Student: 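Dropping the structure in here first, questions after.
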Amino acid sequence: GAAAARALEAGRTADAAALLAEAAAAFQRAGLGSARFDALVERARLLANSNPGPLAQAAAAEVQALAQDAPQRLAALDVQLTLAMSRSETHLQLDAGRQALAAARAAGRADLELRFAMLVADALCDLRRAAEAVALLEPYATWARAHAAPEMHCDYWSGMGMALDYADRLREALPAWDCARDVAQRAARPDLVWRALANAASTQAKMGFVARAAAQVEQACQIAQAESGDAAAELSVRVQQARVTWAHRLRDLGHYAPALALLESALVTFERTASTADVAGAEHRLAQLFQQLGQPARAKLLLEPEHRGLPPGLAMMRLVHRADLAHQLGRDGLPQMRQALTVIDRPDDVYHRLASLFATRLLPPDEGEAVATSLAAWASARERLGMALAGHVRAAACALALGAPRRARPHVEAALHLVADRRPDSFYLPELWRVAGQVEAALGQEAAAAAHWRAGAAWVQHTAATHVPPAYQESFLRRNAVNAELLQHAARASGGS
C-alpha cells in the first residue's frame, strides 16, 4: 500500500495499479477484508481514469460484487461512475451520479458529495447543459479550497474550467485551469499538471489561439510521457486522447506529418482498449486531415464504419463529415448535411454551430450567407474568434456567389483582421486567401487580388515542402481544390506582372 502511494504521488499510475493488486492479495491472505476492498477500489479507480478498457471494467465489476455495506457501495458506485465518464457513457453517468450525490449528502460524506457533483457536472457538459454544471459546482469552491485532497482539489478546478468553457465563458475558464495546474504543481503531481495544461489548451484553441494551444498540449504530452515512460504512455488512453487533441491543432496549423503520425498511433490504441467515442473522434480528425491532403478515398474508409451509441455531438459530426466528403467527391451531400443539422437542433449548441459551418459549403448561397453571417456573430459574442473567422470567410464566399462582392468585402476584411493573431478551428485556412482574392478581383482590384492569391500560394508551397509527408505532396498540391486554384491564380498573376 505504501509503495503504491509513492508510485501514485510520482504520477506512475500503471505501477501504482500493479502494487495495489499485490496489496489486495496480501490483505486477503491476512484475512483483512476491509483493507483488501479499499485497495481494490483504489486500483479500479486508477484504471478507470487512465485506461478504461476490459481490465478497468473487470476491476469495477469486482469491487461492485464485493461491496457489503453502504460506505462500500458508495465507493463502488464512485468507481462505476468514473469508468462511465472515461468511456463516455453519459446518460448512465448522469442518472447514477445524481442518485449517488443524494446518497453521499444524506450520509454526510462531503468528500464523496463533491466527487459525485463533479461527475454529474461532467455528464451535464457532455449533454451541452453546461450552465447547470456551473451552477452545481460553484457552491463547492470554499470546501474544495479548505478540505479537498490535492487530486480532488485539482479535479474540482478542472471541472469548473470545463463547465465554464462549455458554457461559452472562455475567458473565465482560463483562471480555473490555472488554479488546477497550480494545485497540481504544489502537490508535485505531474500527471495532474499535464491534464490541466491539455485542458487549458483546448480553451485557448476555441478562442482562436491555435498555435499557443498546440505548443501547450505538446508540453502536456511531453510531461505525460516523461512521468509514465514510453511504453505506459503508448498504452494510456488519456495520453492518447491528449495526443489526438494535439494532432487536431497541428492539422489546423498545416503541420500534417506529425498530426498524421499521432492520429494513426492513437487509433491503434483506441481500437484495442477504448470506447467507440474515442475511435470515432480520432477517425473524424484523421478523415478531415486526409481531405485536406487531397486523399478523399482514405477519408471515406475512415468514415464508413457505423458506430452505435455515440454521444449526440459525435453522431452529428460523423454525418457532417460524410456529407462534406460526398461534396468533395462531386456527389450531393446536402440531404445528409440537413439530416445532420437535425440531430442537435439547437442554434446555441456549439456542435450545431460547427455543423452549420460545414453546411455553408453545401447550402444554396442565399441560405448559406445567412447561416454563415449568423455564425460569425454568434461566435464573436462568445469569444470563439477562430470560428468567427471561418464564418466570415464562408459568408463572403456565399455573397460572392450571389453576385454581391461589395457585401462580401466587409466579411473578408473582418477575417483578415482576425487572422493577424487567430486561427480557425476545423477549417482550412487557405480558403481565406482564395475568397479574398476572388472578392477583390470581382471589384476590379487586380493588384489586391494577386497579393491575396500569392499569400495563399506561398502558404501552400511552404506547407507542402515542410509539413506534408512526401507520399501526399502531389495530391496536396493538385487534388486539394483550394490549393490548386491558389497556385493557378498566383502563377497567372506573376506571369502578368
Side-chain angles (χ1 to χ4, degrees), residues 85 118 121-138 141 153-185 191-224 238-239 241-253 281 285 311 313-314 317 348-354 357 375 378-391 418 421-427:
M85 178 184 69
M118 291 189 292
D122 182 84
L124 288 168
C125 286
D126 282 347
L127 294 170
R128 321 312 298 176
R129 294 159 60 182
E132 294 177 53
V134 173
L136 175 63
L137 290 177
E138 280 180 329
H153 192 189
C154 181
D155 285 347
Y156 171 76
W157 288 112
S158 292
M160 279 298 300
M162 185 69 70
L164 289 164
D165 177 299
Y166 277 40
D168 292 318
R169 294 162 62 175
L170 301 181
R171 202 172 299 179
E172 294 175 69
L174 291 176
W177 296 129
D178 289 343
C179 285
R181 185 198 63 226
D182 291 345
V183 170
Q185 287 176 333
D191 57 325
L192 302 181
V193 171
W194 77 255
R195 291 178 196 177
L197 285 170
N199 286 328
S202 292
T203 300
Q204 291 173 337
K206 291 172 184 177
M207 298 177 76
F209 298 123
V210 177
R212 187 184 307 171
Q216 187 157 311
V217 75
E218 178 181 10
Q219 181 187 3
C221 290
Q222 289 172 344
I223 294 171
R238 281 194 176 270
V239 173
Q241 288 170 338
R243 288 178 173 177
V244 166
T245 304
W246 181 18
H248 183 129
R249 308 307 168 211
L250 290 172
R251 182 205 64 202
D252 287 343
L253 293 169
R285 290 169 170 89
L314 271 178
M317 292 310 299
D348 277 342
D349 185 277
V350 69
Y351 276 110
H352 184 89
R353 290 291 183 171
L354 180 58
L357 172 62
L375 171 65
W378 180 91
S380 295
R382 289 158 179 79
E383 302 176 89
R384 295 175 176 266
L385 296 185
M387 183 180 283
L389 190 162
L418 287 170
D421 62 355
R422 312 281 176 146
R423 290 293 182 273
D425 182 9
S426 299
F427 181 85

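Just so it is clear, the structure is predicted and the values come from calculations on it, not from any experiment.
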Student: Contact between D425 and R249 at the side-chain level, heavy atoms closer than 4.5 Å - yes or no?
Tutor: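 Heavy-atom side-chain distance check passes, below 4.5 Å.
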
Student: Got a salt bridge between R382 and D348, using NZ or NE/NH1/NH2 to carboxylate O under 4.0 Å?
Tutor: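 Here R382 pairs with D348 in a salt bridge, since their nearest N and O are under 4.0 Å apart.
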
Student: Where do L170 and D165 land on the side chain to side chain contact (heavy atoms under 4.5 Å, CB included) test, with the steps shown first?
Tutor: CA-CA 5 Å; L170 301 181; D165 177 299; 3.8 Å; yes

Student: Is the closest side-chain heavy-atom distance between V350 and R384 below 4.5 Å?
Tutor: yes

Student: Measuring from C125:SG to E132:CD, what's the distance to the nearest 0.5 Å?
Tutor: 10.0 Å

Student: Once rounded to the nearest 0.5 Å, what's the spacing between atom CE of M207 and atom CG of L174?
Tutor: 5.5 Å

Student: Do L137 and M118 have side-chain heavy atoms sitting under 4.5 Å apart?
Tutor: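 Heavy-atom side-chain distance check passes, below 4.5 Å.
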
Student: Report yes if the side chains of Y166 and L124 come closer than 4.5 Å at any heavy-atom pair, otherwise no.
Tutor: no

Student: At their closest point, which heavy atom of L253 faces which heavy atom of A214, and how far apart are they?
Tutor: CD1-CB, 3.8 Å

Student: Do you know which two heavy atoms are closest between L418 and L385, and how far apart they sit?
Tutor: CD1-O, 3.8 Å

Student: Side-chain contact, heavy-atom cut-off 4.5 Å: S426 with R251?
Tutor: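 Heavy-atom side-chain distance check passes, below 4.5 Å.
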
Student: Locate the shortest heavy-atom distance separating C154 from V183; write the atom from each residue and the value.
Tutor: N-CG1, 3.9 Å

Student: Please round to the nearest 0.5 Å and tell me the distance separating atom NE2 of H153 and atom CG of D182.
Tutor: 10.0 Å

Student: Rounded to the nearest 0.5 Å, how far apart are CG of L389 and CZ of R423?
Tutor: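 These two atoms lie 8.5 Å from each other.
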
Student: Report yes if some heavy atom in the side chain of Q222 is under 4.5 Å from a heavy atom in the side chain of W194; otherwise report no.
Tutor: no

Student: Closest approach of A130 and A163, non-hydrogen atoms and distance?
Tutor: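 Minimum heavy-atom contact is CB-O, 3.6 Å.
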
Student: I need the minimum non-hydrogen distance between G391 and L357, along with the two atoms involved.
Tutor: N-CD1, 4.2 Å

Student: With a 3.5 Å distance limit and no angle check, can you tell me whether Y156 reaches the backbone of A141 through a side-chain donor-acceptor pair?
Tutor: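 Yes: the side chain of Y156 pairs with the backbone of A141.
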
Student: Pick from K206, R171, R422: which one makes a salt bridge (charged side-chain N to carboxylate O under 4.0 Å, His left out) with E383?
Tutor: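 Of the listed options, the one satisfying the test is R171.
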
Student: Is the closest side-chain heavy-atom distance between D126 and P311 below 4.5 Å?
Tutor: no

Student: Within a strict 4.5 Å, meaning less than it, do heavy atoms of the R181 and S158 side chains meet?
Tutor: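 Contact flag for R181/S158 side chains = no.
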
Student: Any chance you could measure D421, atom CG, to F209, atom CZ, to the nearest 0.5 Å?
Tutor: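 Atom-to-atom, D421:CG and F209:CZ are 5.5 Å apart.
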
Student: Could you measure the distance from the CG atom of L164 to the CH2 atom of W177? Nearest 0.5 Å is fine.
Tutor: 9.0 Å

Student: If I compare all heavy atoms of A180 with all of W157, which pair ends up nearest, and what's the gap?
Tutor: N-CB, 3.7 Å

